[in-house]
Amino acid sequence: MAVERYNAPEREKHWQEIWQEADLFAAKADDKRPKAYILEMFPYPSGRIHVGHSRNYTMGDVFARYKRAKGFNVLHPMGWDAFGMPAENAAMERKVHPGAWTRENIAAMREQLKSMGFAIDWSREFATCDVDYYKHQQKLFIDMMKKDLAYRKSSKVNWDPVDNTVLANEQVIDGRGWRSGALVEQRELTQWFFRITHYAEELLEALDTLDQWPEKVRIMQANWIGRSEGAMVRWAIEDKGAAAGIEEIEVFTTRPDTLFGASFLAIAPDHPLAKAAAKNKPEIAEFAAECARQGTSAADLESAEKKGVDTGLRVRHPLDPDWLLPVWVANFVLMDYGTGAIFGCPSGDQRDLDFARAYDLPVVPVVLPAGEDAATFEIGDTAADGDGTMINSRFLDGMNPKQAFDEVVSRLEKEKLFGKPVANRKVNFRLRDWGISRQRYWGCPIPIIHCGDCGVVPVPDDQLPVELPEDATFDAPGNPLERHPTWSKVDCPQCGKQAKRETDTMDTFVDSSWYYVRFTAPHADKPVDAKEAGYWLPVDQYIGGVEHAILHLLYSRFFFRAMTDAGHAPKATGKGSNLREPFAALFTQGMVTHETYKSSEGAWLPPESVVLEGEGKDRSAKEAKTGAPVTIGPIEKMSKSKKNVIDLDEFIGNYGADTARWFVLSDSPPERDVIYTDVGVEGARRFVQRIWRVISEIAEKAAAKDAPKPEKFGPEATELRRAVHKALHNVGRNIEALRFNVAVATLYDLANVLGSSLQKDGEGHDWALREAGEFTVQMFAPMMPHLAEECWSRLGYNTLVTNQPWPEPEPALLVDDEITIAVQVNGKRRDELKIAKDASKDEVEAAALALEAIVRALDGRQPKKVIVVPQRIVNVVV
RNA sequence: GCGGACGUGGUGGAACUGGUAGACACACAGGACUUAAAAUCCUGAGGGCCUAGCCCGUGCGGGUUCGAUUCCCGCCGUCCGCACCA
């Protein structure tokens with residue numbers, strides 16, 4: 001009989017109301033069940049949720065619902081990463097207050113998330129721009145400062161000389177300010193830093209304990225921290241007059257063994273010596289200014305052509321006082337790394353080689369790679385940075401680099417320059433302290449007061465929070481806090497004299513470095529409720545984009561330690577005692593991508609305004625309204641700026657939340673990108689309807705819901721039960737491993753089986769059908785929860801499937817008595833063999849050799865060897 | 001430039017730990033139902049050839065192995081991050 005269509009939008013609303021009334025997802029600590037804290041990286045409230053965002057939350061939700069069914073006490077909260085630049089840009093462009101803009105966006109996005117039917121404990125929701133959140137962050141800052149984990153120092157920013165404002169790296173386009181178009185320059189400012197380097201060693205070593213993190217993220221973090229063992233080597237400057245009294249240059253090197261291959265020293269353009277030298281040589285000043293116009297980003301610096309200027313200064317080689325080397329200023333040497341000075345060994349380092357070739361500096365090979373002849377070996381375009389034998393290195397000749405390293409360092413440790421050892425061993429990290437100062441309004445104010453007499457004074461606890469002034473102006477670039485007429489004027493808390501508030505606000509990465517702690521007790525009157533945090537932490541499954549693999553995750557790992565050490569530790573409970581890592585398991589998911597469209601004027605067009613025609617190479621597009629031609633651009637991650645987004649409301653209105661959920665889980669492995677296509681969505685929508693039909697038919701044909709389990713099952717029923725129990729096993733296993741696309745495929749498979757078994761009959765079949773229907777509904781319930789509730793009630797229940805425990809498969813139904821294995825001859829498959837699962841090796845071999853196709857393939861030749869891997873394969877070698 | 005990943009039919013992808021490559025889905029073709037269409041259901045299919053069978057095939061080139069999508073080396077391409085986007 002015909003089954004009426006499932007009206008997803010209408011039924012979904014219904015079930016969401018039911019869940020809300022039952023208050024199913026509110027989490028409470030102190031439960032007898034084991035806990036599971038499941039968290040997706042919280043969103044920036046940019047305006048509206050699109051299908052791209054929804055994937056991340058859907059994955060978390062499937063996992064949370066599954067864990068709930070498996071008997072865990074689940075915490076699955078949601079909040080808003082609400083500070084940041086876009087709100088301030090909106091304020092400038094549209095004259096809305098950043099706060100108002102943000103609140104509006106949050107309200108809209110909250111409704112969108114709710115319409116997806118996520119199993120979220122909304123009572124814990126907060127935004128990082130809530131005073132009640134950031135006031136605790138100010139307290140954390142002060143306590144970290146007291147532990148010397150926050151401090152001030154000078155560092156560089158991108159400065160727009162026309163707008164008189166600091167620019168973010170992304171606001172610098174080809175060296176110019178994005179609004180003014182002015183050439184950006186580097187400028188030094190005194191700014192606040194977190195001492196993340198204090199934890200460099202620990203953050204590196206603890207990576208080994210994160211066995212539920214993707215290997216690639218751990219590798220990236222390890223490289224980012226960049227521990228290297230080397231030596232500090234001091235070089236005496238020959239002409240001190242020219243160097244403004246500076247006597248030496250200290251260099252960090254990981255390769256002291258290659259010292260005899262040195263041909264120059266290079267210093268950063270902002271190295272003190274470079275600054276001193278610039279006073280006498282205008283071309284150095286000019287070069288430094290040119291470098292300062294390159295922007296501050298490492299990618300720009302390192303991909304720029306290697307350039308330099310000879311300072312004219314000369315230094316003495318530490319191993320040979322008669323050997324003088326030139327000192328260059330070079331754009332590829334970074335003041336932030338090591339000492340801001342290097343010695344160049346062109347034969348052993350590609351960057352040094354490129355530089356030496358450009359400026360005709362000597363290239364002396366010092367490491368002879370294995371297999372090369374010392375007499376003929378020459379360096380071409382590629383540096384020899386590998387292992388080998390030392391040559392051209394006097395007393396080091398014949399050693400390997402490791403021995404030479406030790407020899408050089410121990411010699412130089414004993415030598416003195418100006419009364420101190422010439423060299424000493426040193427462990428260096430690439431990791432730099434975290435600069436958190438932002439010269440902007442929409443962020444957490446740094447709770448500091450600057451007093452002419454007392455200096456830097458933290459705001460006392462009883463004067464917290466330092467709130468942002470509502471009446472700031474956004475009509476001009478620059479920091480609204482700085483130009484506010486009264487806000488920064490305060491009395492010094494120590495001496496009472498007139499003083500000035502710190503007008504820098506914190507990097508928004510600070511906000512997101514501890515929000516997962518706050519979720520454990522979002523209304524507590526101190527930053528951390530030790531008991532709640534101790535119960536829920538660590539986060540058992542954290543889900544977010546790979547783009548956060550380094551910064552957000554490393555900052556969070558640091559901040560969690562720092563706040564703990566500053567007196568805000570979770571209370572140790574059993575397993576969680578001495579908790580240092582906030583995220584026990586991490587999953588990095590891929591983006592949802594979509595084609596981009598551009599009008600003939602070069603403007604981005606949203607997909608709904610474009611009509612597509614043809615297929616393959618003949619595909620073309622035009623504007624729906626005007627018919628004007630449209631360029632089909634590359635497939636890129638859905639983003640507002642490129643307009644290639646599918647709005648969630650519209651989607652849900654058309655298809656329903658379950659279709660959206662099913663679509664983003666289907667096909668693509670979750671860690672990889674998924675391309676949004678209309679046909680893909682159609683497929684998901686059809687499946688929703690198909691499931692509804694199949695379950696409805698099962699509800700009619702199956703045994704009554706309390707019918708006793710039959711003693712015996714006929715072959716049809718057994719076949720069905722095998723398929724269902726296997727699917728149950730696989731779906732559970734794959735959700736557990738977050739391989740949602742495979743779980744989805746398993747369910748497609750099962751739906752095919754259910755469809756055909758509806759035509760069948762036999763002993764116990766009606767009971768098997770009911771079991772199949774119920775298990776199937778439970779299996780897809782985490783993914784399509786609304787449809788599952790609808791089907792559950794169709795099957796005659798007035799309970800909620802959301803509250804049902806995950807069924808356990810019967811082990812006996814998971815194994816087949818007879819299996820099929822492939823038979824190969826010389827590694828090529830020639831036939832397959834059906835044989836009892838527990839057949840012995842000899843039986844398998846005999847049966848395989850008797851196969852007609854094998855006899856033919858052997859063609860009378862005697863097998864040299866027969867490899868039998870039980871239950872897998874037979875390979876006959878001739 | 002540096003660091004990290006990824007690459008399988010027309011398409012998205014599957015393949016547990018080195019053991020039958022292409023599950024499942026989309027698109028396509030044929031059929032059933034229908035006055036017709038939509039919807040639904042059934043069937044087919046990696047490519048090639050001398051088609052009872054054989055050969056080729058997981059970006060390209062090598063290697064290890066009885067056996068490689070899987071491990072190793074080199075290359076090409078794409079994507080992510082690079083410290084003030086979040």
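Throughout, protein chains are lettered first and strands after them, A, B, ... in sequence-line order, and every chain is numbered starting at 1.
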Sugar-phosphate only, base, or nothing, as touched by Asp336(A) at under 4.0 Å among non-hydrogen atoms: nothing
Distance test, side-chain N/O of Asn741(A) to OP1/OP2 of rA14(B), below 4.0 Å: yes
Sugar-phosphate, base or nothing in reach of Arg739(A), heavy atoms under 4.0 Å: sugar-phosphate
Sugar-phosphate, base or nothing in reach of Lys828(A), heavy atoms under 4.0 Å: sugar-phosphate
Touch class at under 4.0 angstrom, heavy-atom based, for Arg686(A) against every strand present: sugar-phosphate
Sugar-phosphate only, base, or nothing, as touched by Arg830(A) at under 4.0 Å among non-hydrogen atoms: sugar-phosphate
Touch class at under 4.0 angstrom, heavy-atom based, for Thr746(A) against every strand present: nothing
Glu682(A)/Arg685(A) ion pair, N-O < 4.0 Å: yes
Sugar-phosphate only, base, or nothing, as touched by Val869(A) at under 4.0 Å among non-hydrogen atoms: base
Nucleotide nearest Thr508(A) (side chain, heavy atoms from C-beta), chosen from rC82(B), rA86(B), rA21(B): rA86(B)
Any Arg690(A) side-chain N or O less than 4.0 Å from OP1/OP2 of rC41(B): yes
Ile219(A) side-chain proximity, nearest of rC84(B), rG4(B), rA83(B): rG4(B)
P spacing across the pair rA37(B) / rA32(B), given as an integer number of angstrom: 12 Å
Check: Tyr515(A) ring centroid to Trp80(A) ring centroid under 6.0 Å: no
Distance-only donor-acceptor test (3.5 Å): side chain Arg672(A), base rC6(B): no
Any Ser668(A) side-chain nitrogen or oxygen under 4.0 Å from OP1 or OP2 of rG13(B): yes
Any donor-acceptor N/O pair under 3.5 Å between rC85(B) base and Glu547(A) side chain: no
Touch class at under 4.0 angstrom, heavy-atom based, for Ala299(A) against every strand present: base
rA83(B) phosphate, OP1 or OP2, under 4.0 Å from Arg432(A) side-chain N/O: no
Tyr134(A) ring center near Phe83(A) ring center (under 6.0 Å): yes
Side-chain-base donor-acceptor pair under 3.5 Å for Asp667(A) and rG12(B): yes
Sugar-phosphate, base or nothing in reach of Gln439(A), heavy atoms under 4.0 Å: base
Asn158(A), nearest nucleotide to its side chain (from rA83(B), rC84(B), rG13(B)): rC84(B)
Nucleotide nearest Arg872(A) when distance is taken to its side chain, options rC2(B), rG4(B), rC16(B): rC16(B)
Touch class at under 4.0 angstrom, heavy-atom based, for His548(A) against every strand present: base
Presence of Asn752(A) side-chain N/O under 4.0 Å of rA25(B) phosphate oxygens OP1/OP2: yes
Gln824(A) (side chain) and rC66(B) (base): donor-acceptor pair under 3.5 Å: no
Nearest listed nucleotide, side chain of Tyr748(A), among rC85(B), rA25(B), rU20(B): rA25(B)
Donor-acceptor pair (no angle test) under 3.5 Å: Asn875(A) side chain, rC66(B) base: yes
P atoms of rC54(B) and rA15(B), separation to the nearest Å: 29 Å
